[in-house]
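Working notes, structure below.
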Amino acid sequence: MSEQQLFKVTIDNITIEVPAGTTVLQAARSIGGDVAPPAMCFYSKLEGSGGKCRTCLVEVSKGSEKDPRPMPKLVASCRTTVMDGMEVKNITSPKVKDARAGVVEFLLLNHPLDCPICDQAGECHLQDLGYEHGKEGTRYEFQRRTFKKYDLGQYIQLHMTRCILCYRCVFTADQLTEKREHGVLDRGDHAQIATFIEKNLHNDFIGNVIDVCPVGALTDKTFRFKNRVWFLKPLDAHRDCPTCSGRVTLWNRGDEVFRVTARKDEWGEIEDTPDGKTGWICNTCRFEKKKTSDWMIEGPRNVNRHSVISQGHYVGLQKPQETIEKVLDGRQPKLLMDIHNISDVNKPSVELSAINGAATSSVFNK
Amino acid sequence: MGVKLLLEKAHIPGIRTYEVYRREGGYRSVEKALQSMTPEAIVEEVKKSGLRGRGGAGFPAGMKWSFIAKPEGVPRHLVCNADESEPGTFKDRYLMEFLPHLLIEGLIVASFALGSNNTYIYIRGEYAWIVDILETAINEAKANGWLGENILNSGFDCNIHVQRGAGAYICGEETALIESLEGKRGNPRIKPPFPAIKGLWQRPTVVNNVETLAAVVPIINIGGDEYAKIGVGRSTGTKLISACGNINKPGVYEIDMTVSVEEFIYSDEYCGGIANGKRLKACIPGGSSVPILPANLLLKTAKGETRYMNYESLSDGGFATGSMMGSGGFIILDEDQCIVKNTYTLARFYRHESCGQCSPCREGTGWMEKLLLRLEKGEGKMSDIDLLWDIQRKIEGNTICPLGDAAAWPVAAAIRHFRDEFEWHVTHAQEAQTRNFGLAHYADPIHVPVTA
Ligand SMILES: Cc1cc2nc3c(=O)[nH]c(=O)nc-3n(C[C@H](O)[C@H](O)[C@H](O)COP(=O)(O)O)c2cc1C
Ligand code: SF4
Ligand code: SF4
Ligand code: FES
């Protein structure tokens, strides 16, 4: 292949070079940190995704070297490709911050905010988005929209009330399964994800819709209400699976496997397998293999996410630099007194049950 | 009497049939185009005419045609947008119902210019009876050699297919229309790519409004230069206006764009004045999506000049004091109309018609509707008015397709110009349930500061 053409792009005053055809969002992600706009609908593994939620809006203050005019409107960074010399403002643009706060408010407008009883809590992108880009409180004073819960087959529950209509599950089913059996019905704020006639999704790979769903609208019925995700210990594991790569993350408590998911990267997207394919996993791995003995455990998984899910996993833990020796000017710590030798509190000769009243020092001094 | 290029023959008995239409000089433009002109020459002629798209955005038609990509071996398509679902707009219906052959004729010429062998008319589902009229006309045209293979021995093949929509306003947006035509859910596409590069079945496609395509006929017949002499400035040719609301003579009028708004409303040739001797309060001059104007800003611009029925003059003053030509749906409100209620009705429409893809439009339209209903019922708060303003501001410009803007603009304009009427619904909540705010000062002359 001929040499990849490289484009220079400046995002929030940081200049990098990326291959032509890269989207602004992907370029920003390669810088990382706060420069990467939040993305609720775009999913790099799903063709055609993005452009819908509008959380990733950015300001293009210079179109390109050739045509330096700024773009008149904010653009969806997930669906805008970089041009050579483009200058983009994300968190450095007040317009972006204002519009994004608006989008967060819109997304939460009809959201039930039932995080306390939602399985997604702790790994929910909408929670993260709300914390990071939203405002406290809402100005909405009307009844929120609700839908009935549906079982989509034996494994998946659809809780449409929480859905943000990102269309990721629709793209997943379209691109991963032979015949898509669900989609979007109706329009506008009354639109819903639904199945057509049959309320059942049959397909070896349909479980992946749970992983792509940014919120708690599609949940794993084998895991429902079993545990909070932040109490679980994520472990990388694999098995020899005839259907999929068999590379998963186990979510354990003690030796018990509570749930199985695909392996997700820091943007919440399913990681590639070593052969470069997206690591979708099959229903058998996800729903049926719930014993530690089903798996070869590789080791703990570092979950690099902003929300409470990483709580307790000590990711990025800052250990104090100084050692005791340093603090003590090079002297070794010295045992000054062994409390057990001096105190008789633990005297085995005194039968505790025989003490009449409170056990005070007078009892032991006898 | 102004010049009439489209509707001149609309009332000749039997004009809907091929024989009469042909006898009256129909299909001359096809003969001229296919026998004596190249496709490029036709595009050039349309460019010269200055014809602007009649579907709402007013984009120059010739320019749009010249953008169509021409990759080797890939078919191209022309699609006629007959979805006409904008409240207040009903001009395409009239044209198709009375002069189906005029549209077919324009379609053949445009198809030839663009190299479209399969051309589609996507028609609003509710216009069921017009489908029959169009299909009859297509069959007649085909039987007489104007459609099919090797038309007039030019080597050009063309067929026209009529496809009915299923009742969604959003399918009038060109990329949603294309999706729907492909048999999918009518969600607008994210642009780029534009239809001119990847449209119907990923092939280069031009989408034009019914009236735009019909106007190609007189342009070819009289020539682009002659056409451009009619009208004024960049508003060339004639425009169909569907006038409705509180006027004496609602209907579809063809105007050359030199008529003043005042003349259009009050002269007997057009609307014939406000009905029942009432006074004019406000007007939505270009279909429900464009900003509403109070009487004083409608008849005169903020500079105190006469406002005319054309693209430039209607938008004079920008959104602060002007509006838009839009799709030509001219809606008049008299002194008995309540602006709050009218705005609520429009908001309800947009909420219902939003496709729901992008969050600002999906959620924002529903929110605005609820707030407006509350205000209308006298249960609103003063802060609701500012909230509405903030919501529309956060929708506008932040969505995938212009429906978001179309939902935001009417609310913004109503608050901008009629804020005191909104406030009155809060301060006089009880009274607002029993009577309307009335004309108030909305027709008072606007003080124009004199500058030396
Ligand atoms: C929500 C929405 C609805 C629309 N509905 C129509 C319509 O019913 N008819 C139409 O001709 N154009 C409609 N348009 C405009 C089309 O997208 C497109 O601009 C037009 O068909 C182009 O034709 P023109 O260049 O001849 O005006 C609509 C646009 C939007 C955003
Ligand atoms: S169910 Fe989940 S993945 Fe599907 S559209 Fe809703 S939020 Fe997106
Ligand atoms: S602006 Fe509204 S109608 Fe247009 S794509 Fe977005 S949700 Fe759909
Ligand atoms: S992530 Fe770009 S619009 Fe949703």
Side-chain angles (χ1 to χ4, degrees), chain A residues 23 40-42 48-59 71-76 78-81 95-96 98-111 126 129 138-145 163-167 170 174 183-193, chain B residues 166-171 175-176 184-193 347-371 373-374 379-381 383-384 386-388 390-405 407:
Chain A
T23 61
M40 297 297 290
C41 67
F42 173 77
S49 69
K52 299 189 197 296
C53 71
R54 319 305 284 176
T55 56
C56 72
L57 290 175
V58 292
E59 182 183 343
M71 293 194 184
K73 291 183 190 174
L74 302 183
V75 298
C78 64
R79 293 292 295 254
T80 308
T81 46
K95 268 204 285 191
V96 169
D98 179 52
R100 193 168 289 156
V103 173
V104 176
E105 188 173 29
F106 287 134
L107 281 175
L108 290 171
L109 209 61
N110 275 298
H111 191 80
L126 191 57
L129 185 79
T138 176
R139 295 178 291 175
Y140 191 64
E141 296 172 332
F142 302 92
Q143 191 155 11
R144 285 163 194 251
R145 166 186 72 216
C163 170
I164 58 159
L165 281 170
C166 70
Y167 281 65
V170 180
D174 237 359
V184 182
L185 294 187
D186 218 324
R187 288 193 300 253
D189 62 0
H190 33 297
Q192 56 174 310
I193 297 290
Chain B
Y169 168 62
I170 191 59
C171 289
T175 57
K184 302 186 191 141
R185 179 186 164 84
N187 276 359
R189 291 180 181 171
I190 294 146
K191 295 183 247 186
R348 194 180 57 177
F349 172 79
Y350 287 107
R351 174 197 151 246
H352 189 256
E353 297 299 333
S354 158
C355 85
Q357 266 193 107
C358 40
S359 1
C361 170
R362 177 182 66 239
E363 305 294 345
T365 50
W367 194 3
M368 292 199 299
E369 183 205 339
K370 292 190 179 78
L371 284 167
L373 178 62
R374 176 156 99 181
E379 294 160 7
K381 300 185 283 191
S383 61
D384 289 351
D386 293 324
L387 182 54
L388 275 170
D390 196 53
I391 299 170
Q392 68 79 22
R393 187 178 70 80
K394 288 198 162 119
I395 300 174
E396 195 212 337
N398 291 337
T399 57
I400 296 174
C401 89
L403 189 137
D405 302 339

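For B/Lys191, the NZ atom is densely surrounded, since the number of other residues' heavy atoms within 6.0 Å is greater than 12.
By the 4.0 Å N-to-carboxylate-O rule, B/Lys370 lies too far from A/Glu141 to be salt-bridged with it.
Proximity to chain B involves both the backbone and the side chain of A/Arg139, based on heavy atoms less than 4.5 angstrom apart. In this structure, no portion of A/Val75 lies under 4.5 Å from any heavy atom of chain B. At a 4.5 Å heavy-atom cutoff, the contact between B/Leu371 and chain A is made by backbone and side-chain atoms alike. With a 4.5 angstrom heavy-atom cutoff, A/Tyr140 touches chain B via backbone and side-chain atoms both. Residue B/Thr399 touches chain A through its backbone alone, counting heavy-atom pairs closer than 4.5 Å. Only the side chain of B/Arg185 comes within contact range of chain A, judged by heavy atoms closer than 4.5 Å. In this structure, chain A has no heavy atom under 4.5 Å from any part of B/Arg189.
With respect to chain A, the highest number of heavy-atom pairs below 4.5 Å among B/Gly364, B/Ser354, B/Gly356, B/Ala168 belongs to B/Ser354. Among B/Ser383, B/Ser359, B/Pro192, B/Gly397, the residue making the largest number of heavy-atom pairs under 4.5 Å with chain A is B/Ser359. The residue among A/Cys166, A/Gly51, A/Ala101 with the most heavy atom pairs within less than 4.5 Å of chain B is A/Gly51. Counting heavy-atom pairs closer than 4.5 Å to chain B, the top-ranked of the candidates A/Glu105, A/Lys73, A/His190 is A/His190. No other option in B/Lys394, B/Gln357, B/Arg362 has as many heavy-atom pairs under 4.5 Å with chain A as B/Arg362.
Figure legend: cation-pi geometry between A/Lys52 and A/Tyr167, with NZ or CZ positioned under 6.0 Å from the six-membered ring centre and within 45° of its axis.
Judged by distance alone, the side chains of A/Gln192 and A/Asp186 never bring a donor and an acceptor atom under 3.5 Å apart.
Side-chain contact between A/Leu57 and B/Asn398 is present, with heavy atoms from C-beta onward closer than 4.5 Å. Counting heavy atoms from C-beta on, the side chains of B/Ile170 and B/Glu353 never come closer than 4.5 Å. Contact annotation: the side chain of A/Phe142 approaches that of B/Arg374 to within less than 4.5 Å [non-hydrogen atoms, C-beta and beyond].
Rounding to the nearest 0.5 Å places OG1 of B/Thr365 at 5.5 Å from CG of A/Asp189.
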